[in-house]
Amino acid sequence: MTQTLSADTRVPIRVPKTLIIWIIISALLVQASLLWIALKTPADVNLGIVQKIFYFHVGSAFAMMLGLTAASVMSLIDLIRPSDSADALARSFLEVGVVFAFCVLTSGPLWARKSWGMYWTWEPRLTLVLLVTLLAVAVLILRMLAKDSTIGRRVGAAMAVMGAPASYLIHFAVKWWGGNHPQVIQGGGIQNSEMRVAFWLAVVAILSSAAVLVATRYRAIRLQQRTQALALRLSARVLRRQRAPMETS
Amino acid sequence: MNTLRLTWLLLRKDMQVTARSKELVGVTLMFAVLCVLVFSFGFLQSGAAAIRYVPGVLWVTLLFTSSVSLLRLFAPEEEGGTLALVSMTTSGSAPLFWSKVCLQLLFSALVCALIVPLVLLFFDARLSNVGTVVAALGLGLIGQAVVGTLCAALLAQVRLKEVMLPLILYPMLAPLLIAGVKVTALSVTGVESPALSNWLSLMMVFDLIFMVVSPWLYGRATQP
Amino acid sequence: MTSTLTRIVSTLVVALFPLGEALASGAADLSKYKEESVSGGSLLVAAYLVMWALVSVFVVRVVLGQAKTEARLTELSEQIDATGDGG
Amino acid sequence: MTSAVVLRASALGWAAQGRFILLDLDLEMRAGQWTAISGANGAGKTTLLQILSGRRAPTRGHVTLHGATLSSLAVHEIGGRIAMLEHQPGLYLDLSGRENLTLLNALCGGQIDAAEELLAQVGLPPTSWEQRVRLYSRGMRQRAAMARVVGSSADVWLLDEPATGLDQPGRELLTTLIRQATAKGISVLMVTHDIEMMHKADRRLCLEQGQLQPVQERV
């Protein structure tokens with residue numbers, strides 16, 4: 001019995017055109033927003049030039065929030081109706097979310113050094129980002145440890161789902177907890193229209209790049225999954241071939 | 001009703017098993033006492049107001065001790081290979097899950113009963129409104145037990161589970177820890193604050209959410 | 001001292017980043033804002049560099065992983081062709 | 001004489017680490033039939049039993065119990081109809097033999113026989129009934145686990161190396177218990193390396209290259 005492998009398992013390796021166009025657009029957006037921030041926006045009256053961190057810092061925070069929320073939602077979908085694509089999406093969102101979480105965590109203290117005079121304060125939003133990042137990294141490690149076992153995948157997904165309500169409650173806890181602290185300068189206020197344009201340009205540019213990263217990672221994971229499926233079919237074929245002489249004899 | 005009966009049967013079995021391995025309870029209590037001691041060495045300096053450290057020492061000890069007992073929570077099932085057997089006779093994993101939550105709760109209540117007087121004694125502190133603190137402890141321990149049981153059950157099949165459990169558990173329990181410490185601090189210093197009810201309701205919401213989410217996730221993630 | 005450092009770093013940015021020139025011109029008037037021990041400009045440059053590095057590391061990892069998968073895929077295709085011929 | 005098919009596996013496949021261990025495996029278990037399976041280490045015998053008992057989902061194919069696929073059945077339905085003896089005894093080590101069976105009986109709503117009766121049936125001396133299973137020897141644990149299977153209301157028995165650690169009287173007892181079960185219409189599947197046990201079975205299969213083959217009789 002010989003089974004022919006259909007061509008559909010061989011994934012085209014070239015990157016789809018739409019993705020390339022999208023990558024170029026995001027790159028241009030990022031360049032445009034950087035140029036705008038550098039050339040057009042004035043320095044903040046209170047904080048000086050360091051305020052220019054604000055644009056990408058907040059953009060990264062948006063990307064992180066959206067990424068991690070999407071990761072939880074996709075994990076939930078994967079638990080309710082398991083599918084390889086939901087799993088791949090959940091993993092890509094989680095990874096990209098963690099990357100931007102680190103961006104927020106590193107740019108935040110640098111900004112704080114200037115505006116608050118120290119790298120770290122237990123300001124509610126900083127604390128929230130730190131805790132959520134720790135949680136997301138733990139889930140990421142869990143998913144990496146689990147490799148491709150079904151149980152591991154489900155456990156990772158379940159933990160990602162747990163992370164969403166936990167983060168929501170952490171948000172309240174740290175807000176009330178930090179309530180006693182003096183609210184230092186509400187830094188990075190938008191003072192004029194150039195700043196507003198810079199802000200939205202940066203947000204759009206980062207979200208677009210984040211989406212590109214998710215799409216690229218998603219494609220990579222899908223390719224990996226299909227490679228595994230192909231290896232499995234090959235193994236089936238080899239096993240059947242080994243049997244053939246045994247059956248005839 | 002049936003779930004309740006099955007949960008009770010499994011819990012009674014767990015209590016029997018725990019009673020027979022007395023070492024486990026003793027070791028866990030010992031660990032809790034040592035935790036308090038180590039924190040005292042770490043924080044106390046002569047002349048400093050010791051009372052400030054009471055809430056922190058109390059809650060962190062409870063958190064650490066719970067993760068120690070959580071790692072042993074499913075040991076009877078793992079040793080005897082009864083996990084699949086039990087969930088296949090009790091029409092699902094809910095009775096097993098809730099019996100383990102109750103067991104963990106009993107465990108931490110025991111630890112609590114030992115630790116709270118000890119900490120108050122060591123730090124020469126007095127609680128101004130005992131009722132609130134008891135409520136906070138109750139809510140905190142319920143939340144810890146529910147989330148902890150889920151994590152312990154799911155991580156049982158994962159490599160490096162001893163390390164992974166705190167890694168996942170501590171950030172997830174952060175709201176309970178913060179709220180518990182705040183309530184205890186307000187009570188120890190005797191300040192009447194309207195924030196008190198806020199913190200208690202936060203803990204209550206935490207418990208309610210995870211009491212719904214956790215058993216569902218447990219059932220989902222352990223399906224064949 | 002710090003402004004020299006800023007200038008060095010921003011020269012680095014010129015090499016790495018197409019927008020470097022713009023940033024460098026921003027760095028030129030950094031001295032105006034120098035008040036404390038730390039210059040806001042160097043913090044700014046550091047922040048953007050770190051973010052850029054983080055994203056680059058991720059991209060490199062994805063690309064490397066992709067390359068590995070593609071190699072495995074080619075290997076598998078060859079194996080499939082080999083078994084196909086024997087049949 | 002052909003009796004009804006109780007459990008059927010069709011085109012079963014199981015893959016681990018990107019490699020198929022079981023593939024295109026078909027199996028029919030009929031009421032009152034005693035089947036023995038042998039096979040090299042790592043051939044997938046234990047995995048096969050786990051799939052047949054619904055503890056593991058197969059990569060390919062499906063298992064039907066009285067015509068209904070396992071994945072469509074509720075877990076306690078499977079648990080009530082398929083009894084399994086694994087490497088681990090499936091008993092709480094810190095409970096006594098009697099307590100274990102009583103607990104199990106309570107959990108499934110009193111469907112199994114009285115604990116004492118079962119323990120006597122598998123030849124455990126009354127002195128050991130109140131002992132913790134942890135103190136049992138390998139063979140005694142195996143007997144206690146067997147009591148759990150005998151007491152169940154299942155009509156399929158899946159036994160993974162049931163003769164391990166059993167002495168000669170124990171093996172004979174095991175044979176008798178299985179014979180009594182098949183007489184009642186229970187279908188028994190047994191994985192074993194033991195030639196003697198193998199020859200007592202009605203049907204002998206060998207798990208080889210992911211499939212079950214009838215064993216060629218040596219002359």
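Chain letters run A, B, ... following the sequence lines, proteins first, then strands; residues in each count from 1. Scope of the values below: all heavy atoms of this structure, side chains included, with no hydrogens, waters or symmetry mates.
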Next item on the list: Let me see the working for I78(D) and M88(B) under side-chain contact (heavy atoms from CB on, under 4.5 Å), right down to the final yes or no.
Entry: CA-CA 7 Å; I78(D) 304 173; M88(B) 285 184 117; 3.8 Å; yes
With a 4.5 angstrom heavy-atom cut-off, could you sort out which part of [X] is near chain B: side chain, backbone, both or neither?
X	result
A74(D)	neither
S53(D)	backbone
L93(D)	side chain
R134(D)	side chain
L107(D)	both

Next item on the list: Select, from R55(D), E77(D), Q50(D), the one with the greatest count of heavy-atom pairs under 4.5 Å involving chain B.
Entry: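 Of the candidates given, the most pairs with chain B belong to R55(D).
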Neighbourhood of chain D inside [range], taking heavy atoms under 4.5 Å as contact:
range	value
residues 141-172 of chain B	none
residues 8-21 of chain B	L9(B), L10(B), K13(B), Q16(B), V17(B), R20(B)
residues 54-87 of chain B	P76(B), E77(B), E78(B), E79(B), G80(B), G81(B), T82(B), A84(B), L85(B), V86(B), S87(B)
residues 99-120 of chain B	none

Note to self: Show the nearest heavy-atom pair for residues C108(D) and T89(B), with the distance to one decimal.
What the structure shows: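 C108(D) and T89(B) have their closest heavy atoms at CB-CG2, 4.3 Å.
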Checklist line | Enclosure of R19(D) CZ (heavy-atom neighbours >12, cutoff 6.0 Å) | finding: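 Atom CZ in R19(D) is not packed in, count stays at 12 or less.
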